[in-house]
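Read the structure below first, then the notes.
First listed ligand is number 1; within each ligand, the first listed atom is number 1.
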Amino acid sequence: MIFAANWKLNKTQKQAQEFFSVFLQSNLLTESLKNKNELIFFPQALLSEQISNIFNQFLKKNTSLKKEYLSWGLQNIFYNNQGAFTGENSALTMKEMGGSFSLIGHSERRTLFNETNKDASKKIKAAQDLNLVPILCFGESLELRQSGEYKKFILNQLSQSLDCTDTSKRIILAYEPIWAIGTGKQASDQDITEIGSLIKEQYPKLELLYGGSVKPSNVKSIVSQKNIDGVLVGGASLDHNMFLELISV
Ligand code: PEP
């Protein structure tokens, strides 16, 4: 099972240090890693070096744990690795620092920064060219869900975003209905199953996460849904106790 933590623009260096000083000492974490759960952290880009160092030290001390089960990535990358692109994040530099994933097309990027499916497609290609794993976020607004047009919208979002994807390389999809993100209202098991079947019919080889108000009290029923390979967690990943409980499901 994949447990991805999207910290968004939260946690200072000091707060990240405090989080990991408890999180990495916990037996719940060791058990979860031994159970082959894959944990991926998405801190704000400025914390990359710190988190890379913390993970390297932890894995050096815990040689029985597989390093691919504890990793990190960026919440956004740019589609060029270098050049005159003020303010962007370089995937190449992240790779050099030990990061191996990137979220792409998160709904906050789409709504606040006007990112399009075309941008997502270019970013997926850039990530795959460096053998990084993209996690493509997709999902409908409340308006689309209520109009009944959401399945058509989702399939269109995916086909446009995945048009340059190399399907022989790993790519993960994350279904995040916008109305469920940060609202406390998760999609129902029935909603998740419906989208899970739709996606796996179309993209049978790709892994699929669910994201949107995942918390310790609902994670079990979400990850036991057929077609769901893990969860992308925002708010509940910021608290070490809550996230430890969540990865111990
Ligand atoms: C997210 O923004 O990716 C997310 C899933 O947030 P939350 O868990 O807080 O709804």
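- Under a 4.0 Å criterion applied to the non-hydrogen atoms of His106, ligand 1 contributes the atoms 1 (C), 2 (O), 3 (O).
- The atoms of ligand 1 that sit less than 4.0 Å from any heavy atom of Ser213 are 7 (P), 8 (O), 10 (O).
- When heavy-atom distances to ligand 1 are checked against a 4.0 Å cut-off, Ile181 comes that close through both its backbone and its side chain.
- Side chain to side chain, Glu140 and Trp179 meet the donor-acceptor criterion of an N or O pair below 3.5 Å.
- Under the 6.0 Å cut-off for aromatic ring centres, Trp7 and Phe19 qualify, their centroids lying closer than that.
- Shown in contact with Lys8 at under 4.0 Å from a heavy atom are these atoms of ligand 1, numbered in order with element: 1 (C), 2 (O), 6 (O).
- Closest non-hydrogen pair, Lys200 versus Glu207, comes out as NZ-CA, 4.1 Å.
- For the pair Glu68 and Arg170, the salt-bridge criterion is not met [side-chain N within less than 4.0 Å of a carboxylate O].
- Among protein heavy atoms, atom 5 (C) of ligand 1 sits closest to Glu176 OE2, 3.0 Å.
- Within the structure, ligand 1 lacks Ala236 among the residues with a heavy atom less than 4.0 angstrom away.
- For atom 9 (O) of ligand 1, the candidate residues are Ala180, Ala5, Gly235; the nearest heavy-atom contact is made by Gly235.
- The Gly182 neighbourhood of ligand 1 comprises atoms 7 (P), 9 (O), 10 (O), with distances under 4.0 Å to a heavy atom of that residue.
- Residue contact annotation: Lys215 has no non-hydrogen atom under 4.0 Å from ligand 1.
- Those atoms of ligand 1 that come under 4.0 Å of a heavy atom in Asn6, given as number and element, are 1 (C), 2 (O), 3 (O).
- Looking only at distances, no side-chain donor or acceptor of Ser52 sits under 3.5 Å from a matching main-chain atom of Gly98.
- Residues Thr116 and Asp119 have side chains that bring a donor and an acceptor to within less than 3.5 angstrom of each other.
- Protein heavy atom closest to atom 8 (O) of ligand 1, with residue, atom name and distance, is Gly234 N, 2.8 Å.
- Looking at Lys220, its side chain never comes within 3.5 Å of a backbone N or O of Val249 through a donor-acceptor pair.
- Trp72 has its ring centre no less than 6.0 Å from the ring centre of Phe58.
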